[in-house]
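In what follows, chains carry the letters A, B, and so on, assigned in the order in which the sequence lines appear, proteins first and then strands, with residues in each chain numbered from 1.
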Amino acid sequence: MKRLFEFIGFEPGRFHARWISGSEAQKVVETARKVTEEVRALGPNKKMRDDRC
Amino acid sequence: MALENPLLPHIATITKVIDETPDVKTFQMVFDDPGVFDVFKQKPGQVAQISIFGVGEATISITSSPTRKGMLEFSIKKVGRLTSVIHQMEPGMKVGIRGPYGNHFPYEMMKGKDLLFIGGGIGLAPLRSLIDFVLAPENRQDYGKVEILYGARSSADLCFKYDLFDNWPRQPDTKVYVTIDRPEEGWDGHVGFVPAYLEELNPNPQNKVTITCGPPIMIKFVLQALEKMGYSEDQVVTTLELKMKCGIGKCGRCNIGSKFVCVDGPVFTLRELKKLPPEF
Amino acid sequence: MLKEKIKSTVTELLENKRIDFVIGYGAGSDAGTVRPAFVKSVEEVEQLIWSPFAVNNLAKFVMDHLYENIKIGVIVKGCDSRSVIRLVQDKVFPRENFYVIGVPCKGILDKNKVAKDFDLSGDLVDFTEQGDEVILKTSKGEFKLRKEDYLLDKCYRCETPTPVVYDVLLGEEVAPFRTDDYEDVKAIENLSVEEKSRYWDKQFEKCIRCYACRNVCSACNCRDCVFDMAEPNWVGKAANLSENTAFHLIRAWHVAGRCVDCGECSRVCPMGIPVNTLNRKMIKDMKELFAVETPGKNPEQGPVLGTFRTDDPEEFM
Amino acid sequence: MRKGYILKESFKTWLGAIKEKFPLIAPVQDDGLTLFKEVEKVDDIVLDYGITRMPPKDLFFPQTEKMFRIKNKNNVAIELESPEKVTDELVLFGVHSCDLKSILALDPVFTTRFPDRYYQERRDKTYVIGLSCTKALPTCFCTAYGINPTDADGADVHLTELGDKYLVEVVTERGEKLAAAIPGIIFEDTTNLEAEKAKLTEKVKGEIKFIDLTGVKEVLDENFELPLWEKWAQKCLGCGICTYVCPTCHCFDINDFNRGDGVGERFRCWDSCMFSDFTRMAGGHNPRPTKKERVRNRFMHKLKYHLDRYNIVGCVGCGRCVQRCPENIDIRAIISDIKGGV
């Protein structure tokens, strides 16, 4: 999925997939923080935006 | 502006919701701009497009008679996406209405004649607009005897019970016959399918017009039964239901042969119907 | 000649009632076009032809006969034969209801390439192949061309010129003459993020949402397609860049691991969108990640994304 | 009808003058396809094209068109904003005779009985400049419908390339308006040019394989069931290509787009009678349940229903469906089957 997203021109880092078990609370927190930081750094997404209205 | 664009709905407010059956509700609606009534002027048997804004539109037949002023009624069965949403709506909420569309029941041609209405399930909804029109005091003298034959799967599935068992039987020279498909506890009325009950009653075709609407399978057998009883093709009137989007003969999906049901129908006599390809 | 072999094979099958009908190729509107022919009786066998332009993948047509107790003969080239495996593996159409008439394929001519240099507007009367050359005899004249110059792009990288599955094979096996290097995919991979985005935006903007790519696809064999659903309305019907992109991404993912790379989606697109390049990107990735073969090539290999192996790469852990 | 000519040497200047005044839509090459698009440079216009990939109907009946904006607050407060203006005035240049006729075939659908505001406004604000064909494609068959490949019918101004001049026929009042607004047409005696045009007409007609429609309508009037429908439906994939590339197909769907916060829009978009859900009702009943009924409906519509309803052809012989059908379903072959009583 990530590869096809990047193939059509989404920035690498816009899409993340992680396998996290229900018992890995720390990993959830870390991943969420990391994803938020990386995506925020990329700025607002322009691809696939529906600008109607 | 509104009148220039037939695809732009008028805003209306739901004023009353009546639970008819587990999956049918009747919605009473009033235009927010009362002036719209003066131009709307629907005739019995016509349909309208009901909008839920953000969801879409659906074609619904107008079930109230034009003799009832200042409001419109629509009986809606929950079958799809839009009808599921509208079933959640309450008085005070707003929808869109555009129309009226289609031809109408030939009530002029019916003058002086006895009328036999044959309905099944939600199929009574369009017939009701004509029944109430004919029974209205200002029109009653124009028509002869009125008989209404109506059936549903079970007693719970009967629409307009207040009309069937209260309003209509009280009218002069009017008879109502109700049947349900299968026997059930507490039901002492007739049991059996509509076409079978029709053959049992065997109404005389003399000076009579029948108007029928219901599920396709019911219509098929009712038409056969009527022909057997000697009704001519002009004495049988039916109203069809097809998927419609625009309502104004442009979007293309409700055609039967060269006819568009939304402008040339939905009301056809059996004679007209027989000239159409069997695609309905 | 292949045409005669096809006819005699089908005649025999129909006479012995071993099949109910056969889906083969008939003459099309012009010399460069074929049209599917559905032959139910010996009298109709005359309609069948073979043509160097026989590009259509006929396997998908069996889907009009699901749940029928029927045996259908289908004429397949190497690429199309992968679709047969696909339909059987997806349990859409059982193997025993197929009678696969395999045609070893030396490459199909690209009508658009040939039409640039030769007049294909007549009828195809006959053709002969001599080594590397094809002589097309049409009602508008005879044309000699070097096959190598006019093949469909997909034929230059064909892995299975001989059908991978068949009940009868009409001719000698043909060895693949090149391997697939995925140059088309790599060319796009090597673009910058912005260039990739611009390239695909341009492509998806053209889409008119006719759904031909879906309807022709043998991996698109769902009973109810997500794109036909009103509820939930996953992809809107509006043809704009956003909805079109969603359509193409969802389509590509839905056939991932099941697309047999027959290239029909790109061929039928009326707007020239390289639809199949998205599928090929995923086939390439899956080959790299899971060391698998093109779906449908190996009947033993199940659907790639429906198979778990403990040594699968775990990029997402 | 006034007639005149434009010298070829001043032709581009004339187009340039149009472009100064109006958005100019004309056939251009776009990523390998010839399409009607807004022109950036007059030099980009393709003058000798065979047929555009997509028909010009998009100009009057866009594939996706916003009808009005919706502000819906919990179904209690509703505001609808209908666009004040659907389009600016524009010039559509370079339309061949088959496509011109197709616009005339769409007009009665959208402008009679409940006139469609969106179509009507686009139609009223578009100046159509026709362009005679100078060659035919193998898939062309306009002559079957009595259309000449140089006909001006449907254009406001029609041009025919003849030697070093373009013959200019000012067909309508709107054409007069355009001619007045954009100088450059020399109104002189054009008897010679008209004779040349007649020769060109015969030349191009000669390149088109004539399809004789005699008796076709009569067979369809009498026969709804014909074995040929099943035969052709077998080959059909059920995609929408034929209907979307068709210049006279006008089916559409109406849907709401919802941003999620109650703000959205109602739009209409092309739909296709080839799609299985086209006539399927919410309850599941489908009057045209299989490909056979759908294929029959499309061709009956082209060859009979449209004629019955509007007394104008429903097919103009542009050949786009023939070119684009993935399985080569060819309306010309269907016509021949109908005539053969198959």
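Of the charged side-chain nitrogens involved, none lies within less than 4.0 Å of a carboxylate oxygen, so that Lys281(C) and Glu6(A) do not count as a salt-bridged pair.
Within the 4.5 angstrom heavy-atom criterion, only side-chain atoms of Ala252(C), from C-beta onward, approach chain A. Residue Ser192(C) does not touch chain A at all, counting heavy-atom pairs closer than 4.5 Å. For Leu278(C), the parts lying near chain A are the backbone and the side chain together; criterion is any non-hydrogen pair under 4.5 Å. Proximity to chain A (any heavy atom under 4.5 Å) is shown, for Gln203(C), by neither the backbone nor the side chain.
Atoms CG and CZ, on Leu249(C) and Phe7(A) in that order, are 11.5 Å from each other to the nearest 0.5 Å.
Side chains of Arg3(A) and Glu189(C) form no contact here, defined as non-hydrogen atoms less than 4.5 Å apart. Residues Ser197(C) and Ile8(A) have side chains not in contact (no heavy-atom distance under 4.5 Å, counting atoms from C-beta outward).
By number of non-hydrogen pairs under 4.5 angstrom with chain C, the leading residue of Met48(A), Lys46(A), His16(A) is Met48(A).
Inspection of the Lys47(A) and Thr245(C) side chains reveals no N or O donor paired with an N or O acceptor under 3.5 Å.
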>> Could you walk me through whether Glu243(C) and Arg52(A) satisfy the salt bridge (Lys or Arg N to Asp or Glu O under 4.0 Å) test, starting with their C-alpha distance in whole Å, then the side-chain angles of each, then the deciding distance to 0.1 Å, before giving a yes or no?
In response: CA-CA 11 Å; Glu243(C) 304 276 28; Arg52(A) 282 180 284 173; 3.2 Å; yes
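A donor-acceptor pair under 3.5 Å is absent between the side-chain atoms of Trp253(C) and the main chain of Leu4(A), judged by distance alone.
When all heavy atoms are compared, the tightest approach of Pro12(A) to Val193(C) is CD-CG2, 3.8 Å.
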